[in-house]
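Single-structure report; data block below.
Letters A, B, ... are given to chains in the order of the sequence lines, protein chains preceding strands, and every chain is numbered from 1. Every value quoted in this text rests on a predicted model; they were computed, and no experiment measured them.
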Amino acid sequence: MAVGGGYLGMRGSGARLEAMEPGWDGGMADSARDPRGEFAANLRAAQARIFGYIYSLVRNLDDADDLFQQTSLVLWDKYNQFDATRDFASWACGVARFEVLNFIRSRGRDRLYFSDDLTLSLIEAHVSLKDERLEDRRDALSGCLKKLRGRDARLLEACYAQTTRIPEVASAWGRSTHSIHNSLRRIRRSLFECVERTLAQEGLA
Amino acid sequence: MSERDPSADELLDLIDLYLSDLLDAESFARLEGLLGESPAARSRFALYVNHHREIEFTARASRAADTALDRLASSEGGTSPKGRRWLGGRGAWAAAALVLVTIGLAARFAPPRVELGRILGLTTAEPANVAWLLNAQDCEWSGPEKPGRDMRAGKTLGLERGLAELEFDRGARVILQGPAELELLSGSSARLIKGSLTARVPSQARGFTVLSAGGKVVDLGTEFGLSIDDKGGTVVRVFNGEVVAYPLKPASGLTLRQDQAARLNGRTVALDTAPAAWDQARYVRSIGPAAKAHARSITLDFSRPRPGTLADGRGQGVGFTHRLPGTGALLPRFDANLFLRSDTPALELTTTRSDLNTQDRMNTGEYLGFRLAELGFTGPEDFEISATMPRIPGLDVVGQFGLYVGPRSNQNIRGGLIRRPRPDLYRVFLVNNNDGMDQDIHEVGLTTAGDDLRLSLRRLAGRYSLVVENLTRKSSSTLAIAHPAFLDHATDLHAGLFGANTQSELSRTLTISEVQLTIWTTRPDSPTMPSVRKPS
C-alpha cells in the first residue's frame with residue numbers, strides 16, 4: 001500500500017511465534033513458563049464450552065467446527081493480550097462471538113440468528129456449565145441412547161449422521177416436516193429426561 | 001424433570017424448533033424474549049443445546065465408526081457388519097472406539113478437533129490484514145488496540161480525537177473522525193460503533209458495507225458519510241453516487257442518491273427530507289495539510305455597553321448574547337437583575353430563585369451566555385469559558401453561582417461555588433445535569449465569602465474540567481467528574497455564567513469583572529465573531 005501502508009500493513013504474529021519444538025505439548029509442568037503449553041491447557045479445558053456456545057448460535061456442526069478452528073487461531077493470536085486473572089472460557093467465548101457474528105453477516109439473511117445482545121448474554125450461560133457435568137451427561141447419554149427403540153434410533157441417525165435438513169429427511173421418509181420434527185423433539189426430550197434421571201440416581205444431578 | 005413447568009416446556013419447545021431451524025419469525029422473537037429476560041432460561045438453553053450437540057456428535061461418530069468397520073471387515077474378509085445399529089451392543093462400541101482413534105476422531109466423541117499445531121504456528125497460514133492506515137492527523141487513540149501492523153478482521157479502533165484515513169483491502173477509503181470507534185470486519189466491510197466517518201469507494205470496491213447499530217449501508221460506487229447520533233440512531237448522507245441503506249430486520253433497502261440523507265434506527269430506514277444544515281459540514285471528506293488550531297475569543301470587560309446584546313434594567317447591552325435555552329423566558333427585555341457598571345467596570349448580577357436540579361423556576365433563572373456555534377463551534381472543537389468574580393457574596397444554603405455548558409437547561413454541566421451549612425462558607429463543585437437532574441456531583445475545599453475568584457470551565461481533548469482560582473488566597477483547585485457523554489455529540493452548545501439563590505428567597509448580587517470565551521477551531525473558514533441575538 002502506498003503512503004506508509006507497506007509498513008503498517010504487515011502482520012507481525014508470524015514473527016512472534018518461534019518454531020515449534022517437538023514434544024512441547026507434553027510438558028504441562030512447564031506451562032507457567034511456556035505460553036503455548038499454557039494456552040493448550042486452557043483451550044482444552046474450555047473447548048467443550050466454547051464449541052457449545054458457537055454451536056448454539058449457528059446450529060450446524062460443520063459451521064461450528066470451522067468457526068471453532070478459526071476462533072482457536074484468533075485466540076492464540078491474541079493470547080498475549082489475555083489477562084490471566086480473567087476466566088479463559090469467557091474471554092474465548094467473547095472472541096468466538098465475534099467470529100460467529102462475522103459469519104452470520106457473511107451468510108446474509110438466509111436464517112434467523114440471535115441479536116448481538118443476546119449472543120453476548122448467552123456467553124455466561126455456556127461458560128458456567130461445568131465441564132465435569134458435561135462429561136457426566138455424556139456418559140449418561142450413551143446409556144440412554146442404548147435404550148432407544150430401533151425406529152427412533154434410525155430417525156436420529158437419519159437426521160444427524162450427516163448434514164441433512166429436516167425437510168430432506170421428511171421427504172425421504174415420506175412424512176411431513178412437522179411430523180419428523182415432533183418425533184425428534186419427543187426423542188430428544190426423552191433422552192434429556194433419561195440423562196437427568198440417570199444423574200439423579202447417581203447423585204450427580 | 002418430575003414436575004412440569006409450562007413455561008419451561010414452552011422454552012424447550014422453542015429451543016427444539018430453533019435447533020431444527022423451523023421457527024417462524026414470531027416464535028423466534030418469543031424465544032429471544034424468553035432468553036433475553038431470564039438468566040435461568042439462558043442456562044437451560046445452554047444445557048439443552050449441549051444435549052442436542054452430544055446426540056449429533058454421537059450420531060456422527062457412529063456413522064464414521066460404521067464406515068471404518070465396514071472397511072476393516074471387507075479388507076479382512078470377515079463378515080460385513082452391515083445392519084449393525086450404531087446403538088448396538090457394548091462390543092460394537094469398543095470396536096468402534098478403537099477405530100475412531102485410528103481414523104483420527106476423538107474416542108469419546110470429543111467435541112471439536114483442535115488443530116493445535118496449526119494454531120500454534122506450525123503452518124504459515126495467517127489471517128490477513130483487511131485494512132491499512134494511510135494518513136493520520138492529530139490522532140489520539142483509546143483502548144489497547146491501535147492501528148498498526150495487526151489490522152485483521154475483528155480489530156476495533158477507538159479514535160478519541162483527530163482524523164484517521166484507512167484503506168480497506170478491496171480499495172474503499174474511510175476517514176474516521178474522532179471521537180469514533182470502528183470495528184474492522186473484512187476487506188470490504190466495517191462496523192461503525194460510534195462517531196462519524198466518510199467513505200470514498202472506487203468502482204472496484206463497490207459493495208463496501210458499513211454496519212452500525214441502526215442498520216447497514218451498502219455502497220454502489222460512491223462517496224458517503226455515516227454517523228451515529230447521541231441516541232444511537234444512524235444517519236447516512238450521500239455526497240456522490242448511490243448507496244442502499246438497510247435496517248437491521250430483514251427488509252428491503254432504501255436507495256439513496258446524491259445529496260440525500262436517511263436515518264436508520266434498527267427497525268426502519270427513513271429518508272431525511274430536511275437534513276440539518278450543519279449535517280454536511282460535520283463530515284470531513286479529505287485530510288488536508290495539518291490545520292492549525294485557531295483560537296477564537298470573545299472578552300467582556302464591561303467597560304462599555306454593547307448594543308444588541310442582553311440588556312440590563314436600563315437597557316444597556318451587557319455583552320452576553322444568549323440565555324441558556326429553557327431559562328429566563330419570563331425575564332423582561334430590560335432585566336433589572338443585571339446592572340452594567342461601566343465605571344468600575346463590572347457587571348452586577350442579582351441572583352434569582354432557580355435550580356437546574358429539578359428544573360425549578362427556570363423561567364426566571366439567570367443563566368447568561370453565548371451560543372458557541374456563533375463563534376465557529378461545530379461539535380468537535382474544544383473551548384473554555386472563564387469569569388472573574390471579586391468579593392463573592394454570601395448566599396443562603398445551597399445557593400450557587402458559576403459557569404455552565406450545555407444545549408439547554410436540562411442537559412448540561414455546571415460548576416462553581418455552592419453554599420454549605422456553615423456561615424459564609426462555600427464549597428467548590430462540578431456536576432452533570434441530564435434530564436434535569438443533577439448527577440455525579442463532586443465537591444472539594446472551602447472558600448469564604450469576600451474572596452476574589454476566577455472560574456474556568458473548559459473542554460480540552462473532549463474532557464470537561466473546572467478550575468477555581470482563589471485570587472485572594474493564591475490557591476486553585478481543578479475538578480473533574482464522570483464524563484458527560486450526553487454532551488459529546490451536541491453541536492449547539494451554550495456556555496455562560498449563572499447565579500441562583502436555590503431553595504431560598506434571599507437574593508444576592510454577584511460582581512463579574514471579566515468574562516472570556518475561547519474556542520479552538522481548526523476551520524479557518526468559520527465565522528470570526530458571533531452575531532448577536534436581536535433582543536426580543
Side-chain angles (χ1 to χ4, degrees), chain A residues 1 3-5 8-14 17 20 25 36 40 43 47-48 51-52 55-56 59 61 65 68-69 72-74 76 81 98 102 109 111-112 114-115 118 121-122 125-126 129 134 138 141 145-146 148 153 156-157 160-161 165-166 177 181 184-185 188-189 191-193 195-196, chain B residues 1 12 16-23 25 28 32 35-36 39 42-43 45-56 58-60 62-63 85-87 108 111-117 119-122 124 126-127 129 132-135 144 147-151 153-154 167 185 211 250:
Chain A
M1 282 302 139
V3 201
L8 294 167
M10 295 291 289
R11 271 182 62 79
S13 58
L17 292 176
M20 197 65 62
D25 196 13
R36 285 169 297 197
L43 187 61
Q47 65 181 25
F51 190 88
Y55 177 80
S56 77
R59 294 164 279 168
L61 219 48
D65 199 29
F68 180 83
Q69 298 299 324
S72 304
L73 286 166
V74 178
W76 170 244
Q81 296 167 23
F98 177 77
N102 258 349
R109 303 185 186 283
R111 304 172 80 180
L112 292 164
F114 287 146
S115 69
L118 186 54
S121 47
L122 281 172
H126 283 274
L129 290 176
L134 291 178
R138 190 177 298 150
L141 177 67
L145 282 167
K146 290 173 195 157
L148 275 189
L156 278 191
E157 187 182 19
Y160 290 143
R165 291 211 168 181
I166 288 181
T177 299
H181 168 74
L184 270 182
R185 184 183 59 176
R188 279 181 204 148
R189 206 68 67 82
L191 287 170
F192 193 67
E193 289 172 8
V195 167
E196 300 271 322
Chain B
M1 296 293 287
L12 286 191
D16 269 316
L17 285 164
Y18 168 76
L19 294 172
S20 296
D21 209 13
L22 294 173
L23 274 183
F28 188 85
E32 276 202 312
L35 294 177
R42 293 196 290 275
S43 296
F45 171 82
L47 196 63
Y48 198 60
V49 168
N50 268 288
H51 170 69
H52 181 277
R53 177 177 64 78
E54 286 298 341
I55 298 173
E56 192 167 349
T58 309
R60 292 280 186 102
S62 166
R63 168 61 65 97
R85 294 269 59 86
W86 59 275
L87 302 168
R108 287 174 59 81
R113 61 192 153 84
V114 187
E115 295 176 9
L116 281 170
I119 293 163
L120 300 184
L122 283 177
T124 54
E126 290 272 348
N129 280 334
W132 291 264
L133 181 68
L134 289 188
N135 198 353
R149 300 169 72 180
D150 177 7
M151 294 280 275
E167 178 165 322
L185 298 180
L211 298 149

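Side-chain polar atoms of A/R188 and B/H51 form no donor-acceptor pair below 3.5 angstrom.
Interface residue B/L19: backbone and side-chain heavy atoms are both found under 4.5 Å from chain A. For A/F114, the parts lying near chain B are the backbone and the side chain together; criterion is any non-hydrogen pair under 4.5 Å. Heavy atoms of B/L211 lying under 4.5 Å from chain A belong exclusively to its side chain.
Annotation: maximal heavy-atom pairing with chain B below 4.5 Å, among A/L122, A/L184, A/T177, occurs at A/L122.
Closest approach of A/H126 to B/F45, counting heavy atoms only: NE2-CE2, 4.1 Å.
At least one side-chain heavy atom of A/F192 sits under 4.5 Å from a side-chain heavy atom of B/L47.
If you take OH on B/Y48 and CG on B/D16, they are separated by 3.5 Å, rounding to the nearest 0.5 Å.
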